[in-house]
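Below is one structure, written out as structure tokens; comments come after it.
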Amino acid sequence: MKKNLKIFIEHNYTVNFILAAIIFNSIVLGLLTYPQIHKQYGSFLNLTCNICVIIFSIEIIIKLYVYKKSFFKDPWNIFDFILVAMSWIPTGGIFSSFRAFRVLRALRALRLVVRLQRLRIIVQAIIESIPNVGWASVLLLLIFYIFAIMGTTMFQEAFPEFFGTIGKSMFSLFQIMTLESWSMGIARPVIAVFPYAWIYFILFILSSSFIVMNVIVGVVVNAIGELSEKEKVRLKIKKAKDRSNLEKELDKLKKQIDLVENLLADKQ
């Protein structure tokens with residue numbers, strides 16, 4: 001029975017069905033945010049959500065039965081288990097104090113990350129890049145601090161709303177780094193009073209937006225490339241093992257056939 005369940009839960013049709021259920025459930029959760037749709041079809045949509053939760057729970061139960069303790073050796077399985085378990089948090093009646101947990105239903109869409117290999121690689125790459133990204137962020141923070149001191153020193157009296165304190169200066173610099181209304185909103189008014197301030201703004205943008213941020217992006221992209229290569233190697237090894245196991249099974253089957261043929265020949 002366990003072998004049949006393993007074949008069933010790992011079959012492409014089952015995997016695709018669960019993936020379709022996750023996508024459908026995510027769409028339904030989005031529809032429930034529209035007051036008019038919720039008023040007219042709320043009961044039906046909530047019913048479909050509950051059915052999806054039951055399907056996800058059955059899938060998890062089968063996997064726990066098939067894989068047992070090895071199920072929890074994969075971090076993605078643990079993540080999947082937590083998302084499904086959260087779906088059973090009560091939100092009505094005497095449990096109305098848990099109503100805030102209803103917003104956590106939206107996290108079910110994250111199960112797509114578990115299901116789709118490419119998304120898993122990207123998320124894993126971001127997680128593994130955190131140490132290097134952290135050092136790049138320290139460099140970025142240092143640049144912010146240096147330019148904030150310079151900006152506060154030069155523009156504090158004329159533009160206290162932008163550069164009145166270190167905190168205000170860093171916030172203004174953050175807006176400049178995002179390139180959101182930085183020219184007309186901050187830079188040009190300052191340059192109108194301090195003609196050479198353009199040097200300050202250009203140097204900061206080059207240092208933060210075009211250098212440090214590209215370094216962070218490069219670290220993540222490099223990690224994605226390395227993980228993709230590792231995944232390709234892992235799949236090749238898995239295919240080789242599957243092929244080897246298949247050849248062994250065929251050899252055993254061939255020996256059994258030869259044995260049966262010899263027994264039939266002896267009887268004749």
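Along the sequence shown, residues are numbered consecutively beginning with 1. Everything numeric here is computed off the predicted structure, so don't read it as measured data.
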### Task
Give a yes or no on whether Tyr67 atom OH has more than 12 heavy-atom contacts from other residues, nucleotides or ligands under 6.0 Å away.
yes

### Task
Report, as yes or no, whether the 6.0 Å neighbourhood of atom CD on Glu161 holds more than 12 heavy atoms from other residues, nucleotides or ligands.
yes

### Query
Taking only residues two or more places apart in sequence or in another chain, which ones pass salt bridge (Lys or Arg N to Asp or Glu O under 4.0 Å) with Lys63?
Glu59

Taking C-beta and beyond as the side chain, do [X] and [Y] meet within less than 4.5 Å on heavy atoms?
{"X": "Phe17", "Y": "Ile55", "value": "yes"}
{"X": "His38", "Y": "Asn46", "value": "yes"}
{"X": "Leu64", "Y": "Ile60", "value": "yes"}
{"X": "Ile143", "Y": "Phe147", "value": "yes"}
{"X": "Ile191", "Y": "Tyr196", "value": "no"}

Can you give each donor-acceptor pair under 3.5 Å made by side-chain atoms of residues 180-188, sequence neighbours left out, with the distance rounded to 0.1 Å?
unit_1	atom_1	unit_2	atom_2	d
Ser183	OG	Arg188	NE	3.2

### Message
Hydrophobic clustering (ILVMFWY, side-chain heavy atoms < 4.5 Å, transitive) - are Val84 and Tyr65 grouped together?
### Response
yes

### Query
Mind checking whether Leu5 and Ile61 sit in one hydrophobic cluster, side chains of I, L, V, M, F, W, Y counted as touching below 4.5 Å?
no

Distance-minimising heavy-atom pair for [X] and [Y]:
{"X": "Gly151", "Y": "Phe163", "value": "O-CB, 3.7 Å"}
{"X": "Leu32", "Y": "Cys49", "value": "CD1-SG, 4.1 Å"}
{"X": "Ala197", "Y": "Val190", "value": "CB-CG1, 3.9 Å"}
{"X": "Ala148", "Y": "Leu173", "value": "N-CD1, 3.5 Å"}
{"X": "Leu45", "Y": "Thr48", "value": "O-OG1, 2.5 Å"}
{"X": "Thr152", "Y": "Gly164", "value": "CG2-O, 4.2 Å"}

### Ring-face cation of Lys73 near Phe71 (centre distance under 6.0 Å, axis angle within 45°)
no

#### Entry: Expected output: side-chain Asn25 to main-chain Ala21 donor-acceptor under 3.5 Å
no

### Task
Report yes or no: does Ser208 contribute a side-chain atom to a donor-acceptor pair with the main-chain N or O of Met177 at less than 3.5 Å?
no

### Query
How far does CG of Leu203 sit from CD1 of Ile146, to the nearest 0.5 angstrom?
12.0 Å

#### Entry: Value rounded to 0.5 Å, distance of CZ in Phe201 from CD1 in Ile176
5.0 Å

Could you work out, with ring pair (Phe, Tyr, Trp, His ring centres under 6.0 Å) as the rule, every residue matching [X], not counting sequence neighbours?
{"X": "Phe72", "answer": "Phe81"}
{"X": "Phe144", "answer": "Phe204"}
{"X": "Phe159", "answer": "none"}
{"X": "Tyr13", "answer": "His11"}

### Task
For Ile62 and Phe8, run side chain to side chain contact (heavy atoms under 4.5 Å, CB included): C-alpha distance rounded to whole Å, both residues' side-chain angles, the deciding distance at 0.1 Å, then the answer.
CA-CA 10 Å; Ile62 292 174; Phe8 169 76; 4.3 Å; yes

### Query
Where do Val15 and Leu19 land on the side chain to side chain contact (heavy atoms under 4.5 Å, CB included) test, with the steps shown first?
CA-CA 6 Å; Val15 173; Leu19 180 61; 5.6 Å; no

### Task
Assert yes or no for the condition that the ring centre distance of Phe194 to Tyr200 is strictly below 6.0 Å.
no

#### Entry: CA sep, side-chain torsions, deciding dist, call: Ser169, Phe162, side chain to side chain contact (heavy atoms under 4.5 Å, CB included)
CA-CA 6 Å; Ser169 295; Phe162 295 141; over 6 Å; no

